[in-house]
Amino acid sequence: YNCFLWPSLSPVAMSLTIIFGLLLLPVDSNGLILAWATLAGGVLQLMMQLPEFFKQKFSIRPAFDWKAPEIRQAGELLFPATIGTTIGQLITYVDMFFASSLAQGAWAAVTLSNRLMQLPIGILQTALLVPIFPRFSRAAGEKNYEEIKRNFKVGVVSLWMISIPMLVLMLCFTEPLIRLIFEHGRFDRRSTELVSVALIYQAFQMIPYFARDSITRVFYAFHDSKTPLLVGLLAIALKYLLNLWLVQGWGMGVQGITLSITLITFFNMMLLGILSKRHIQDLGFREMLAPFCKLSFAGLVMGGVVWLTMHSLTASPLKAWLPLAPQIWEYMQITAASVVGILSYVLLALLLKVSEAEYLKERLTGRLLKWFSR
């Protein structure tokens with residue numbers, strides 16, 4: 001029904017409700033405030049979608065026959081998909097098992113680095129997958145494979161274009177960001193270093209993550225939820241072997257756990273891409289290679305620009321002229337370097353003629369002209 005705004009924004013309601021609940025209400029060592037805030041956020045998430053639901057003249061009362069073949073077909077699709085959502089949790093238990101043999105704080109470092117990863121991933125993934133899945137489904141029903149290929153390429157490359165500068169900033173400013181967010185109370189300097197190391201090895205997961213989840217939606221569009229489920233089950237076994245090799249064999253510790261997370265995501269992406277040929281001969285990976293290389297090059301240049309900007313600002317006499325606290329000055333430098341780096345990245349992406357960057361520029365220019373013409 002082309003209603004994307006509230007389904008995309010409603011997950012934010014839960015996060016904001018939890019944040020405000022923990023900030024405004026008194027400290028509760030039993031965790032009841034967190035539990036009630038989570039429940040309230042879930043209710044709010046539902047309520048935000050109800051106005052559009054009723055506007056489309058839907059009814060809460062089921063108006064279908066449970067024995068209808070379409071309902072059975074939906075169940076056959078949803079049951080493996082539902083089981084598949086638990087695979088991430090099963091992999092978490094594998095990581096917990098190996099982290100329990102490491103130094104104190106190892107599992108907390110893995111968990112917190114994953115939380116930092118999920119912030120950009122969660123926002124971008126929701127923004128893409130909510131509107132793109134119905135397009136995949138419609139095109140699959142019409143056997144319009146070129147449309148699936150076009151939407152897949154545009155969606156994934158657009159996410160790569162946005163996520164690569166996020167990855168660069170995450171790698172450049174790992175410790176300062178973690179220090180700002182977490183280093184309070186008993187979360188000390190050692191904790192910051194531990195989470196930083198874990199995040200560096202996990203940050204590269206961002207690249208295959210979007211492609212993997214987009215390919216999974218292509219399978220769902222063809223009413224195939226069993227293949228992603230089987231690939232996920234295979235990933236659990238492989239994750240155990242990788243942890244055994246990296247954590248215990250090579251002695252990499254926390255780094256081994258987070259590195260194996262990234263490797264597993266690459267594995268899932270590659271295997272799903274190969275198996276997708278059962279439904280669609282070509283998803284356009286060859287055509288995506290050129291823009292990916294261009295964006296990666298732009299990201300490397302951006303990293304150099306960020307480093308040079310930080311180095312210049314550190315040696316600048318402005319620090320002596322502005323009587324600011326060292327922490328405030330540090331984050332001012334990070335902000336300035338990030339802005340300069342992102343501008344250089346966007347400019348280089350346009351110069352390299354990345355079609356998605358040009359499309360984004362045209363859309364933004366059109367919106368701005370329309371806004372100023374009012």
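Computed from heavy atoms alone, side chains included, the values below leave out hydrogens, waters and symmetry copies. Here the structure is a predicted model, which is why all the values come from computation and not from measurement.
The CE atom of M117 sits 6.0 Å away from atom CE of M170, with the distance rounded to the nearest 0.5 Å. The CG atom of L167 sits 11.0 Å away from the CD atom of Q205 when rounded to the nearest 0.5 Å. In this structure, Q49 CD and L9 CG are separated by 10.0 Å, a value rounded to the nearest 0.5 Å. Summarising the geometry, atom CD1 belonging to I178 is positioned 10.0 Å from atom CD belonging to E183; distances are rounded to the nearest 0.5 Å. Summarising the geometry, atom OH belonging to Y240 is positioned 5.5 Å from atom CZ belonging to F97; distances are rounded to the nearest 0.5 Å. Separating the OG1 atom in T227 from the CG atom in L275 is a distance of 6.5 Å, to the nearest 0.5 Å.
The shortest distance between side-chain heavy atoms of L171 and I200 falls below 4.5 Å. With contacts defined as side-chain heavy-atom distances shorter than 4.5 Å, the pair E358/L350 qualifies. Counting heavy atoms from C-beta on, the side chains of I236 and V94 come closer than 4.5 Å.
Ring centroid separation for the pair F285 and F152 comes in under the 6.0 Å cut-off.
Shown here is W36, whose CH2 atom has no more than 12 heavy atoms of other residues, nucleotides or ligands within 6.0 Å. For CZ of F20, the number of neighbouring non-hydrogen atoms (other residues, nucleotides, ligands) closer than 6.0 Å is 12 at most. For CD of Q104, the number of neighbouring non-hydrogen atoms (other residues, nucleotides, ligands) closer than 6.0 Å is 12 at most. For F204, the CZ atom is loosely surrounded, since the number of other residues' heavy atoms within 6.0 Å does not exceed 12. Residue F58 places its CZ atom among more than 12 non-hydrogen atoms of other residues, nucleotides or ligands, all under 6.0 Å distant. Counted within 6.0 Å of CE on M270, heavy atoms from surrounding residues, nucleotides or ligands total 12 or fewer; the atom is thus considered open.
Counting only distance, with no hydrogens or angles, the side chain of W160 and the backbone of I207 share a donor-acceptor pair below 3.5 Å. Distance alone, capped at 3.5 Å, is enough to place a donor-acceptor pair between the N151 side chain and the E147 backbone. Under a 3.5 Å cut-off, the side chain of T262 and the backbone N or O of Y201 do form a donor-acceptor pair. Between the side chain of Y331 and the backbone N or O of L180, at least one donor-acceptor pair lies under 3.5 Å. Judged purely by atom type and a 3.5 angstrom limit, K239 has no side-chain atom pairing as donor or acceptor with the backbone of I91. Y145 contributes no side-chain N or O that, together with a main-chain N or O of D282, makes up a donor-acceptor pair within less than 3.5 Å.
Cluster annotation: F222 is connected to I215 through the hydrophobic network of ILVMFWY side chains, with a link wherever side-chain heavy atoms come within less than 4.5 Å.
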**Request:** Verify side chain to side chain contact (heavy atoms under 4.5 Å, CB included) between N144 and I148, making sure each step is shown before the conclusion.
**Result:** CA-CA 7 Å; N144 188 348; I148 295 175; over 6 Å; no
**Asked** Can T174 and L116 be said to form a side chain to side chain contact (heavy atoms under 4.5 Å, CB included), step by step?
**Response** CA-CA 10 Å; T174 306; L116 291 169; over 6 Å; no
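Remark: R212 is positioned above the aromatic ring of Y209, its terminal NZ or CZ atom under 6.0 angstrom from the ring centre and at most 45 degrees off the axis.
The existence of a salt bridge linking R150 and E287 is excluded, since no basic side-chain nitrogen approaches an acidic carboxylate oxygen closer than 4.0 Å.
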